A.B. asks: 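Would you mind keeping the following structure in view while I ask a few things?
Atom set for the values below is all heavy atoms of this structure, side chains included, hydrogens, waters and symmetry mates excluded. Note that the structure is a prediction, hence the values are computed from the model and not measured. In what follows, every chain begins at residue 1, and chains take the letters A, B, ... in the order their sequences are listed.
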Number of protein chains: 2
Amino acid sequence: MTSMLGHALLSLLARRPGTGYDLTQRMRRPVGYFWAANHSQIYPELARLEEGGLVRHRVVEGAGPRPTKRYTITAAGRRALDGWLRSPVSDPPTRDEETLRVWSLWTLDPPSALAYLRARRTQHATRLAEYEALQAEVAAERGAHEPTQPLWSDHAALQGGILGRRAEVAWHDWMIDRLGGTAPPTRAGDSVDPPTG
Amino acid sequence: MTSMLGHALLSLLARRPGTGYDLTQRMRRPVGYFWAANHSQIYPELARLEEGGLVRHRVVEGAGPRPTKRYTITAAGRRALDGWLRSPVSDPPTRDEETLRVWSLWTLDPPSALAYLRARRTQHATRLAEYEALQAEVAAERGAHEPTQPLWSDHAALQGGILGRRAEVAWHDWMIDRLGGTAPPTRAGDSVDPPTG
DNA sequence: TTTAACATGTAAGAAGTTACATGATTTG
DNA sequence: CAAATCATGTAACTTCTTACATGTTAAA
(Lines give C-alpha, C1' and ligand atoms only; values in the text may rest on other atoms or scores of the structure.)
Protein backbone atom coordinates (compact mmCIF):
# COMPACT_ATOMS: atom_id res chain seq x y z
CA MET A 1 0.00 0.00 0.00
CA THR A 2 2.88 2.31 0.77
CA SER A 3 4.64 3.59 -2.34
CA MET A 4 8.34 3.24 -3.02
CA LEU A 5 8.82 6.89 -2.13
CA GLY A 6 7.00 6.22 1.13
CA HIS A 7 9.49 3.48 1.93
CA ALA A 8 12.38 5.76 1.06
CA LEU A 9 11.04 8.34 3.51
CA LEU A 10 10.49 5.74 6.23
CA SER A 11 14.05 4.56 5.70
CA LEU A 12 15.30 8.13 6.00
CA LEU A 13 13.29 8.68 9.20
CA ALA A 14 14.48 5.38 10.67
CA ARG A 15 17.94 6.96 10.65
CA ARG A 16 16.81 10.19 12.24
CA PRO A 17 13.79 12.52 12.36
CA GLY A 18 13.57 15.56 10.14
CA THR A 19 11.40 18.23 8.57
CA GLY A 20 10.01 17.94 5.05
CA TYR A 21 12.64 20.38 3.93
CA ASP A 22 15.40 18.36 5.59
CA LEU A 23 14.10 15.14 4.03
CA THR A 24 14.08 16.85 0.65
CA GLN A 25 17.79 17.66 1.04
CA ARG A 26 18.59 14.15 2.17
CA MET A 27 16.65 12.77 -0.81
CA ARG A 28 18.89 14.78 -3.12
CA ARG A 29 22.08 13.35 -1.70
CA PRO A 30 22.77 10.57 -0.96
CA VAL A 31 19.35 8.96 -1.61
CA GLY A 32 18.96 10.74 -4.94
CA TYR A 33 21.76 8.60 -6.32
CA PHE A 34 19.28 5.72 -6.40
CA TRP A 35 15.85 7.24 -5.74
CA ALA A 36 15.06 10.76 -6.90
CA ALA A 37 12.15 12.85 -5.60
CA ASN A 38 11.12 16.51 -5.45
CA HIS A 39 9.67 18.36 -2.50
CA SER A 40 6.35 18.58 -4.33
CA GLN A 41 6.13 14.82 -4.09
CA ILE A 42 7.55 14.56 -0.58
CA TYR A 43 5.15 16.84 1.31
CA PRO A 44 1.97 15.05 0.17
CA GLU A 45 3.62 11.65 0.74
CA LEU A 46 4.48 12.59 4.33
CA ALA A 47 0.83 13.55 4.85
CA ARG A 48 -0.25 10.14 3.49
CA LEU A 49 2.22 8.31 5.73
CA GLU A 50 0.90 10.23 8.71
CA GLU A 51 -2.68 9.41 7.76
CA GLY A 52 -1.63 5.75 7.82
CA GLY A 53 0.00 6.17 11.24
CA LEU A 54 3.49 5.37 9.93
CA VAL A 55 4.95 8.74 10.85
CA ARG A 56 4.01 11.50 13.25
CA HIS A 57 4.94 15.18 13.44
CA ARG A 58 5.45 17.81 16.07
CA VAL A 59 5.55 21.50 15.32
CA VAL A 60 8.87 23.02 16.36
CA GLU A 61 10.42 26.47 16.28
CA GLY A 62 13.25 25.91 13.82
CA ALA A 63 15.53 28.05 11.77
CA GLY A 64 12.76 28.71 9.27
CA PRO A 65 10.21 31.49 9.22
CA ARG A 66 7.07 29.53 9.94
CA PRO A 67 5.99 26.64 12.16
CA THR A 68 8.17 23.76 11.08
CA LYS A 69 7.01 20.12 11.19
CA ARG A 70 9.48 17.65 12.57
CA TYR A 71 8.57 14.12 11.44
CA THR A 72 9.38 10.94 13.35
CA ILE A 73 8.83 7.30 12.36
CA THR A 74 6.33 5.41 14.53
CA ALA A 75 6.46 1.76 15.66
CA ALA A 76 3.95 0.97 12.90
CA GLY A 77 6.26 2.73 10.45
CA ARG A 78 9.17 0.54 11.51
CA ARG A 79 7.00 -2.54 11.07
CA ALA A 80 6.00 -1.38 7.57
CA LEU A 81 9.64 -0.87 6.64
CA ASP A 82 10.53 -4.29 7.99
CA GLY A 83 7.66 -5.96 6.12
CA TRP A 84 8.74 -4.30 2.90
CA LEU A 85 12.33 -5.52 3.27
CA ARG A 86 11.08 -9.07 3.87
CA SER A 87 8.71 -9.00 0.87
CA PRO A 88 9.93 -10.43 -2.44
CA VAL A 89 11.50 -8.02 -4.93
CA SER A 90 9.38 -7.89 -8.05
CA ASP A 91 12.00 -8.54 -10.71
CA PRO A 92 12.95 -5.51 -12.56
CA PRO A 93 10.38 -3.19 -14.11
CA THR A 94 13.42 -1.87 -15.88
CA ARG A 95 13.52 1.47 -17.63
CA ASP A 96 17.01 2.17 -18.84
CA GLU A 97 17.31 4.99 -21.34
CA GLU A 98 20.97 4.28 -21.92
CA THR A 99 20.41 0.72 -23.14
CA LEU A 100 17.48 1.89 -25.24
CA ARG A 101 19.79 4.33 -26.98
CA VAL A 102 22.44 1.69 -27.58
CA TRP A 103 19.75 -0.57 -28.98
CA SER A 104 19.02 2.20 -31.50
CA LEU A 105 22.62 3.11 -32.17
CA TRP A 106 22.89 1.07 -35.40
CA THR A 107 20.83 3.79 -37.10
CA LEU A 108 23.63 6.36 -36.61
CA ASP A 109 26.71 6.61 -38.79
CA PRO A 110 29.64 5.00 -36.90
CA PRO A 111 31.57 8.25 -36.24
CA SER A 112 28.49 9.79 -34.57
CA ALA A 113 27.91 6.62 -32.59
CA LEU A 114 31.52 6.71 -31.46
CA ALA A 115 31.22 10.34 -30.37
CA TYR A 116 28.11 9.51 -28.39
CA LEU A 117 29.74 6.55 -26.64
CA ARG A 118 32.87 8.50 -25.76
CA ALA A 119 30.80 11.28 -24.18
CA ARG A 120 28.79 8.79 -22.13
CA ARG A 121 31.91 6.96 -21.09
CA THR A 122 33.31 10.18 -19.68
CA GLN A 123 30.14 10.83 -17.67
CA HIS A 124 30.22 7.37 -16.13
CA ALA A 125 33.90 7.67 -15.26
CA THR A 126 33.25 11.03 -13.59
CA ARG A 127 30.45 9.61 -11.49
CA LEU A 128 32.58 6.61 -10.62
CA ALA A 129 35.33 8.87 -9.32
CA GLU A 130 32.76 10.69 -7.18
CA TYR A 131 31.54 7.43 -5.65
CA GLU A 132 35.07 6.22 -5.01
CA ALA A 133 35.95 9.44 -3.17
CA LEU A 134 32.85 9.11 -1.00
CA GLN A 135 33.58 5.45 -0.37
CA ALA A 136 37.07 6.24 0.87
CA GLU A 137 35.54 8.56 3.48
CA VAL A 138 32.81 6.13 4.53
CA ALA A 139 35.12 3.13 4.78
CA ALA A 140 37.34 5.02 7.22
CA GLU A 141 34.50 5.65 9.67
CA ARG A 142 33.48 3.51 12.60
CA GLY A 143 30.25 1.63 11.93
CA ALA A 144 30.91 0.97 8.26
CA HIS A 145 31.65 -2.65 9.10
CA GLU A 146 28.84 -3.17 11.59
CA PRO A 147 25.80 -4.64 9.73
CA THR A 148 23.22 -3.05 12.04
CA GLN A 149 24.62 0.47 11.69
CA PRO A 150 23.25 2.83 9.03
CA LEU A 151 26.79 3.39 7.85
CA TRP A 152 27.05 -0.27 6.82
CA SER A 153 24.23 0.37 4.35
CA ASP A 154 25.87 3.58 3.12
CA HIS A 155 29.02 1.60 2.50
CA ALA A 156 27.18 -1.25 0.74
CA ALA A 157 25.04 1.06 -1.43
CA LEU A 158 28.12 2.97 -2.49
CA GLN A 159 29.87 -0.27 -3.36
CA GLY A 160 26.93 -1.10 -5.63
CA GLY A 161 27.28 2.27 -7.31
CA ILE A 162 30.99 1.74 -7.83
CA LEU A 163 30.67 -1.75 -9.28
CA GLY A 164 27.75 -0.61 -11.44
CA ARG A 165 29.63 2.38 -12.86
CA ARG A 166 32.73 0.29 -13.44
CA ALA A 167 30.55 -2.07 -15.45
CA GLU A 168 29.19 0.89 -17.45
CA VAL A 169 32.70 2.13 -18.21
CA ALA A 170 33.82 -1.36 -19.22
CA TRP A 171 30.72 -1.74 -21.41
CA HIS A 172 31.39 1.55 -23.18
CA ASP A 173 35.02 0.61 -23.72
CA TRP A 174 33.84 -2.68 -25.19
CA MET A 175 31.53 -0.86 -27.63
CA ILE A 176 34.07 1.83 -28.52
CA ASP A 177 36.60 -0.89 -29.20
CA ARG A 178 34.20 -2.71 -31.51
CA LEU A 179 33.42 0.50 -33.38
CA GLY A 180 37.11 0.76 -34.16
CA GLY A 181 37.80 3.76 -31.96
CA THR A 182 41.06 4.43 -30.22
CA ALA A 183 41.22 4.03 -26.45
CA PRO A 184 39.80 6.97 -24.51
CA PRO A 185 42.37 9.21 -22.83
CA THR A 186 41.50 8.28 -19.22
CA ARG A 187 41.25 5.24 -17.04
CA ALA A 188 38.51 4.00 -14.79
CA GLY A 189 38.64 5.82 -11.49
CA ASP A 190 40.32 8.92 -12.78
CA SER A 191 38.49 12.17 -12.64
CA VAL A 192 37.79 12.71 -16.26
CA ASP A 193 37.77 15.75 -18.52
CA PRO A 194 37.35 15.76 -22.26
CA PRO A 195 40.69 16.13 -24.08
CA THR A 196 39.51 19.48 -25.46
CA GLY A 197 41.46 20.98 -22.59
CA MET B 1 8.18 16.30 -27.28
CA THR B 2 8.19 12.62 -28.06
CA SER B 3 8.24 10.46 -24.93
CA MET B 4 10.78 7.75 -24.20
CA LEU B 5 8.19 5.13 -25.11
CA GLY B 6 7.64 6.95 -28.39
CA HIS B 7 11.33 6.65 -29.15
CA ALA B 8 11.30 2.97 -28.23
CA LEU B 9 8.46 2.44 -30.71
CA LEU B 10 10.22 4.43 -33.43
CA SER B 11 13.32 2.33 -32.85
CA LEU B 12 11.28 -0.84 -33.14
CA LEU B 13 9.64 0.37 -36.35
CA ALA B 14 13.00 1.43 -37.80
CA ARG B 15 13.88 -2.26 -37.74
CA ARG B 16 10.63 -3.38 -39.35
CA PRO B 17 6.94 -2.41 -39.51
CA GLY B 18 4.37 -4.08 -37.29
CA THR B 19 0.92 -3.98 -35.74
CA GLY B 20 0.25 -2.65 -32.26
CA TYR B 21 -0.06 -6.21 -31.09
CA ASP B 22 3.23 -7.17 -32.72
CA LEU B 23 4.97 -4.15 -31.19
CA THR B 24 3.56 -5.13 -27.80
CA GLN B 25 5.21 -8.57 -28.13
CA ARG B 26 8.50 -7.06 -29.26
CA MET B 27 8.35 -4.65 -26.30
CA ARG B 28 8.11 -7.65 -23.97
CA ARG B 29 11.22 -9.32 -25.34
CA PRO B 30 13.83 -8.16 -26.06
CA VAL B 31 13.01 -4.47 -25.48
CA GLY B 32 11.32 -5.21 -22.15
CA TYR B 33 14.72 -6.11 -20.73
CA PHE B 34 15.48 -2.39 -20.70
CA TRP B 35 12.18 -0.61 -21.39
CA ALA B 36 8.89 -2.12 -20.25
CA ALA B 37 5.48 -1.10 -21.60
CA ASN B 38 1.95 -2.50 -21.76
CA HIS B 39 -0.39 -2.55 -24.74
CA SER B 40 -2.62 -0.03 -22.96
CA GLN B 41 0.25 2.43 -23.20
CA ILE B 42 1.36 1.43 -26.68
CA TYR B 43 -1.90 1.92 -28.60
CA PRO B 44 -2.43 5.54 -27.51
CA GLU B 45 1.26 6.30 -28.06
CA LEU B 46 1.08 5.00 -31.64
CA ALA B 47 -1.89 7.29 -32.21
CA ARG B 48 0.13 10.25 -30.87
CA LEU B 49 3.11 9.38 -33.07
CA GLU B 50 0.82 9.21 -36.07
CA GLU B 51 -0.74 12.56 -35.18
CA GLY B 52 2.79 13.97 -35.23
CA GLY B 53 3.51 12.39 -38.61
CA LEU B 54 6.27 10.14 -37.25
CA VAL B 55 4.50 6.90 -38.14
CA ARG B 56 1.76 5.93 -40.56
CA HIS B 57 -0.56 2.92 -40.74
CA ARG B 58 -2.32 0.87 -43.35
CA VAL B 59 -5.18 -1.47 -42.59
CA VAL B 60 -4.33 -5.03 -43.56
CA GLU B 61 -6.10 -8.38 -43.43
CA GLY B 62 -3.97 -10.23 -40.90
CA ALA B 63 -4.31 -13.30 -38.76
CA GLY B 64 -6.55 -11.46 -36.33
CA PRO B 65 -10.31 -11.14 -36.34
CA ARG B 66 -10.67 -7.46 -37.08
CA PRO B 67 -9.02 -4.91 -39.37
CA THR B 68 -5.39 -4.86 -38.30
CA LYS B 69 -3.24 -1.72 -38.42
CA ARG B 70 0.24 -2.15 -39.78
CA TYR B 71 2.47 0.74 -38.67
CA THR B 72 5.50 2.03 -40.57
CA ILE B 73 8.03 4.69 -39.59
CA THR B 74 8.03 7.80 -41.79
CA ALA B 75 10.98 9.93 -42.92
CA ALA B 76 10.04 12.42 -40.19
CA GLY B 77 10.05 9.56 -37.71
CA ARG B 78 13.57 8.58 -38.73
CA ARG B 79 14.67 12.20 -38.32
CA ALA B 80 13.10 12.32 -34.84
CA LEU B 81 14.92 9.14 -33.84
CA ASP B 82 18.17 10.53 -35.18
CA GLY B 83 17.71 13.82 -33.35
CA TRP B 84 17.03 12.00 -30.11
CA LEU B 85 20.20 9.91 -30.43
CA ARG B 86 22.22 13.05 -31.03
CA SER B 87 20.71 14.92 -28.07
CA PRO B 88 22.52 14.87 -24.73
CA VAL B 89 21.56 12.19 -22.21
CA SER B 90 20.10 13.82 -19.12
CA ASP B 91 22.19 12.19 -16.40
CA PRO B 92 20.35 9.65 -14.50
CA PRO B 93 16.90 10.24 -13.04
CA THR B 94 17.70 7.01 -11.24
CA ARG B 95 15.10 4.91 -9.52
CA ASP B 96 16.66 1.73 -8.27
CA GLU B 97 14.58 -0.25 -5.80
CA GLU B 98 17.39 -2.70 -5.18
CA THR B 99 19.83 -0.08 -3.92
CA LEU B 100 17.08 1.53 -1.86
CA ARG B 101 16.53 -1.80 -0.11
CA VAL B 102 20.23 -2.26 0.54
CA TRP B 103 20.34 1.25 1.92
CA SER B 104 17.66 0.14 4.42
CA LEU B 105 19.15 -3.27 5.12
CA TRP B 106 20.88 -2.19 8.35
CA THR B 107 17.43 -2.23 10.01
CA LEU B 108 17.13 -6.03 9.54
CA ASP B 109 18.80 -8.60 11.76
CA PRO B 110 21.90 -9.93 9.92
CA PRO B 111 20.54 -13.46 9.26
CA SER B 112 17.47 -11.98 7.54
CA ALA B 113 19.63 -9.58 5.58
CA LEU B 114 21.78 -12.49 4.50
CA ALA B 115 18.76 -14.50 3.38
CA TYR B 116 17.54 -11.54 1.36
CA LEU B 117 20.90 -11.02 -0.34
CA ARG B 118 21.29 -14.68 -1.20
CA ALA B 119 17.86 -14.78 -2.83
CA ARG B 120 18.62 -11.69 -4.88
CA ARG B 121 22.02 -13.03 -5.86
CA THR B 122 20.39 -16.13 -7.29
CA GLN B 123 17.94 -14.05 -9.32
CA HIS B 124 20.74 -11.98 -10.83
CA ALA B 125 22.79 -15.07 -11.64
CA THR B 126 19.78 -16.65 -13.36
CA ARG B 127 19.18 -13.58 -15.48
CA LEU B 128 22.86 -13.42 -16.28
CA ALA B 129 22.81 -17.00 -17.57
CA GLU B 130 19.82 -16.10 -19.75
CA TYR B 131 21.66 -13.14 -21.28
CA GLU B 132 24.77 -15.19 -21.87
CA ALA B 133 22.81 -17.87 -23.71
CA LEU B 134 21.18 -15.22 -25.91
CA GLN B 135 24.53 -13.57 -26.50
CA ALA B 136 26.08 -16.82 -27.71
CA GLU B 137 23.34 -17.05 -30.34
CA VAL B 138 23.59 -13.42 -31.42
CA ALA B 139 27.39 -13.40 -31.62
CA ALA B 140 27.30 -16.33 -34.03
CA GLU B 141 25.09 -14.50 -36.52
CA ARG B 142 26.19 -12.44 -39.46
CA GLY B 143 25.67 -8.71 -38.85
CA ALA B 144 26.54 -8.77 -35.15
CA HIS B 145 29.87 -7.15 -35.97
CA GLU B 146 28.57 -4.64 -38.50
CA PRO B 147 27.85 -1.31 -36.67
CA THR B 148 25.04 -0.28 -39.01
CA GLN B 149 23.12 -3.55 -38.66
CA PRO B 150 20.37 -3.89 -36.02
CA LEU B 151 22.10 -7.03 -34.81
CA TRP B 152 25.12 -4.97 -33.77
CA SER B 153 22.85 -3.11 -31.33
CA ASP B 154 21.32 -6.37 -30.08
CA HIS B 155 24.81 -7.63 -29.41
CA ALA B 156 25.90 -4.41 -27.68
CA ALA B 157 22.75 -4.13 -25.55
CA LEU B 158 23.10 -7.73 -24.44
CA GLN B 159 26.72 -7.10 -23.53
CA GLY B 160 25.55 -4.25 -21.31
CA GLY B 161 23.08 -6.58 -19.65
CA ILE B 162 25.76 -9.18 -19.07
CA LEU B 163 28.29 -6.76 -17.60
CA GLY B 164 25.57 -5.15 -15.49
CA ARG B 165 24.36 -8.46 -14.08
CA ARG B 166 27.89 -9.61 -13.43
CA ALA B 167 28.38 -6.42 -11.43
CA GLU B 168 25.17 -7.15 -9.47
CA VAL B 169 26.33 -10.67 -8.67
CA ALA B 170 29.76 -9.40 -7.62
CA TRP B 171 28.10 -6.72 -5.48
CA HIS B 172 25.91 -9.26 -3.72
CA ASP B 173 28.87 -11.55 -3.14
CA TRP B 174 30.71 -8.58 -1.64
CA MET B 175 27.83 -7.86 0.75
CA ILE B 176 27.26 -11.53 1.64
CA ASP B 177 30.94 -11.83 2.38
CA ARG B 178 30.86 -8.83 4.67
CA LEU B 179 27.83 -10.19 6.51
CA GLY B 180 29.89 -13.27 7.28
CA GLY B 181 27.94 -15.66 5.09
CA THR B 182 29.34 -18.56 3.16
CA ALA B 183 29.32 -18.43 -0.64
CA PRO B 184 26.08 -19.57 -2.30
CA PRO B 185 26.23 -22.71 -4.48
CA THR B 186 27.37 -21.72 -7.94
CA ARG B 187 26.07 -23.00 -11.22
CA ALA B 188 27.16 -23.24 -14.81
CA GLY B 189 26.51 -19.93 -16.49
CA ASP B 190 27.20 -17.82 -13.43
CA SER B 191 30.56 -17.06 -14.98
CA VAL B 192 31.44 -14.62 -12.27
CA ASP B 193 32.61 -16.86 -9.54
CA PRO B 194 35.72 -16.40 -7.53
CA PRO B 195 38.20 -19.22 -8.26
CA THR B 196 36.64 -22.41 -6.94
CA GLY B 197 38.42 -24.49 -4.31
C1' DT C 1 20.36 45.16 -1.00
C1' DT C 2 20.31 41.09 -3.03
C1' DT C 3 20.93 36.29 -2.72
C1' DA C 4 20.97 31.85 -0.34
C1' DA C 5 19.05 28.92 2.91
C1' DC C 6 15.04 27.68 5.37
C1' DA C 7 10.21 26.15 4.96
C1' DT C 8 5.61 24.35 3.09
C1' DG C 9 2.36 23.83 0.17
C1' DT C 10 -1.00 23.41 -4.59
C1' DA C 11 -2.04 22.63 -9.64
C1' DA C 12 -1.72 20.91 -14.19
C1' DG C 13 -0.19 17.56 -16.91
C1' DA C 14 2.66 13.48 -18.52
C1' DA C 15 3.74 8.71 -17.87
C1' DG C 16 2.75 4.28 -16.22
C1' DT C 17 -0.29 0.37 -14.01
C1' DT C 18 -4.25 -2.43 -13.59
C1' DA C 19 -8.61 -3.58 -14.79
C1' DC C 20 -12.48 -3.61 -18.00
C1' DA C 21 -14.35 -4.74 -22.62
C1' DT C 22 -14.86 -7.35 -27.01
C1' DG C 23 -14.31 -11.07 -30.29
C1' DA C 24 -12.41 -14.35 -34.30
C1' DT C 25 -9.22 -18.19 -35.45
C1' DT C 26 -6.26 -21.85 -34.45
C1' DT C 27 -4.49 -25.59 -31.66
C1' DG C 28 -4.89 -29.26 -28.14
C1' DC D 1 -14.92 -27.74 -25.95
C1' DA D 2 -11.38 -25.09 -23.83
C1' DA D 3 -7.41 -22.44 -24.09
C1' DA D 4 -4.02 -19.74 -26.47
C1' DT D 5 -3.05 -16.42 -29.90
C1' DC D 6 -4.24 -12.56 -32.48
C1' DA D 7 -6.13 -7.85 -32.14
C1' DT D 8 -7.56 -3.12 -30.40
C1' DG D 9 -9.16 -0.19 -27.54
C1' DT D 10 -11.00 2.70 -22.85
C1' DA D 11 -11.20 3.98 -17.75
C1' DA D 12 -9.58 4.78 -13.26
C1' DC D 13 -5.87 5.45 -10.66
C1' DT D 14 -0.99 6.17 -9.03
C1' DT D 15 3.34 8.32 -9.69
C1' DC D 16 6.29 11.82 -11.18
C1' DT D 17 7.58 16.42 -13.31
C1' DT D 18 7.30 21.28 -13.75
C1' DA D 19 5.53 25.37 -12.54
C1' DC D 20 3.12 28.46 -9.40
C1' DA D 21 2.73 30.58 -4.76
C1' DT D 22 4.41 32.65 -0.29
C1' DG D 23 7.46 34.49 3.14
C1' DT D 24 11.49 34.94 7.00
C1' DT D 25 16.24 35.18 8.50
C1' DA D 26 21.14 35.41 7.84
C1' DA D 27 25.10 36.27 5.20
C1' DA D 28 27.70 38.60 1.34
A.B. asks: Does B:Val102 belong to the same Ile/Leu/Val/Met/Phe/Trp/Tyr cluster as A:Tyr131, with side-chain heavy atoms less than 4.5 Å apart forming each link?
C.D. replies: yes
A.B. asks: Does anything in residues 13-21 of chain B reach DNA chain D, meaning a heavy atom under 4.0 Å, and if so which residues?
C.D. replies: B:Thr19, B:Gly20, B:Tyr21
A.B. asks: How close or far is atom C1' of D:dT14 from atom CD of A:Glu45, stated in whole angstroms?
C.D. replies: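 From A:Glu45 CD to D:dT14 C1': 10 Å.
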A.B. asks: Salt bridge check: are A:Glu98 and A:Arg101 linked by an N-O gap of less than 4.0 Å?
C.D. replies: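 Not counted as a salt bridge, because no side-chain N and carboxylate O are separated by less than 4.0 Å.
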A.B. asks: Mind calculating the distance between CG (A:Leu23) and C1' (C:dG9) to the nearest angstrom?
C.D. replies: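 Distance check: A:Leu23 CG to C:dG9 C1' gives 15 Å.
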A.B. asks: May I ask you to evaluate whether B:Arg95 reaches the phosphate of C:dG16, defined as a side-chain N or O under 4.0 Å from OP1 or OP2?
C.D. replies: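 Answer no for this pair, as no side-chain N or O of B:Arg95 is under 4.0 Å from OP1 or OP2.
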A.B. asks: Could you verify whether a donor N or O on one side chain and an acceptor N or O on the other, from B:Gln123 and B:Arg120, lie under 3.5 Å apart?
C.D. replies: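 B:Arg120 and B:Gln123 do have a side-chain donor-acceptor pair below 3.5 Å.
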A.B. asks: Atom CZ of B:Arg26 and atom P of D:dC6: how far apart are they, to the nearest Å?
C.D. replies: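 Taking atom P of D:dC6 as the reference, CZ of B:Arg26 is at 14 Å.
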A.B. asks: As a test of understanding, state which of B:Glu130, B:Arg127, B:Arg28 forms a side-chain hydrogen bond (donor to acceptor under 3.5 Å, both in side chains) with B:Tyr33.
C.D. replies: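 So the option named by the test is B:Glu130.
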A.B. asks: C:dA15 P sits how many Å from B:Met1 CE, rounded?
C.D. replies: 10 Å
A.B. asks: Between B:Ser3 and A:Arg70, which residue's closest nucleotide on DNA chain C lies nearer the 5′ terminus?
C.D. replies: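 The 5'-side residue here is A:Arg70.
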A.B. asks: Give, for atom CG of A:Leu158 and atom CD1 of A:Ile162, the distance between the pair rounded to the nearest 0.5 Å.
C.D. replies: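 Between A:Leu158 CG and A:Ile162 CD1, I get 5.0 Å after rounding to 0.5 Å.
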A.B. asks: For B:Asp22 and D:dT8, give me the distance from atom CG to atom P, rounded to whole Å.
C.D. replies: 9 Å
A.B. asks: I want to check one thing: is the phosphate of D:dG9, taken as OP1 and OP2, less than 4.0 Å away from some side-chain N or O of B:Tyr43?
C.D. replies: no
A.B. asks: Taking only residues two or more places apart in sequence or in another chain, which ones pass side-chain contact (heavy atoms from CB on, under 4.5 Å) with A:Pro111?
C.D. replies: A:Asp109
A.B. asks: Base, sugar-phosphate, or nothing: which does A:Ser40 touch, judged by heavy atoms less than 4.0 Å apart?
C.D. replies: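 Base contact - A:Ser40 has a heavy atom under 4.0 Å of at least one base atom.
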A.B. asks: Could you tell me how far apart B:Trp35 (CH2) and C:dA15 (C1') are, to the nearest whole angstrom?
C.D. replies: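 Distance check: B:Trp35 CH2 to C:dA15 C1' gives 10 Å.
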A.B. asks: Mapping A:Met4 and A:Asn38 to their closest nucleotides on DNA chain D, which lands nearer the 5' end?
C.D. replies: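 By nearest-heavy-atom nucleotide position, the 5'-most residue is A:Met4.
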A.B. asks: Going by the salt bridge (charged side-chain N to carboxylate O under 4.0 Å, His left out) test, which pairs reach into residues 71-82 of chain A, not counting sequence neighbours?
C.D. replies: A:Asp82-A:Arg86
A.B. asks: A:Leu5 side chain: which of C:dA15, C:dT8, D:dC16 is closest?
C.D. replies: D:dC16
A.B. asks: Check the distance between C:dA15's P and A:Gln41's CD and give it to me in whole angstrom.
C.D. replies: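 So the two atoms are 15 Å apart, to the nearest Å.
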A.B. asks: For A:Lys69 and C:dA7, give me the distance from atom NZ to atom C1', rounded to whole Å.
C.D. replies: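 Distance, rounded to whole Å: 11 Å.
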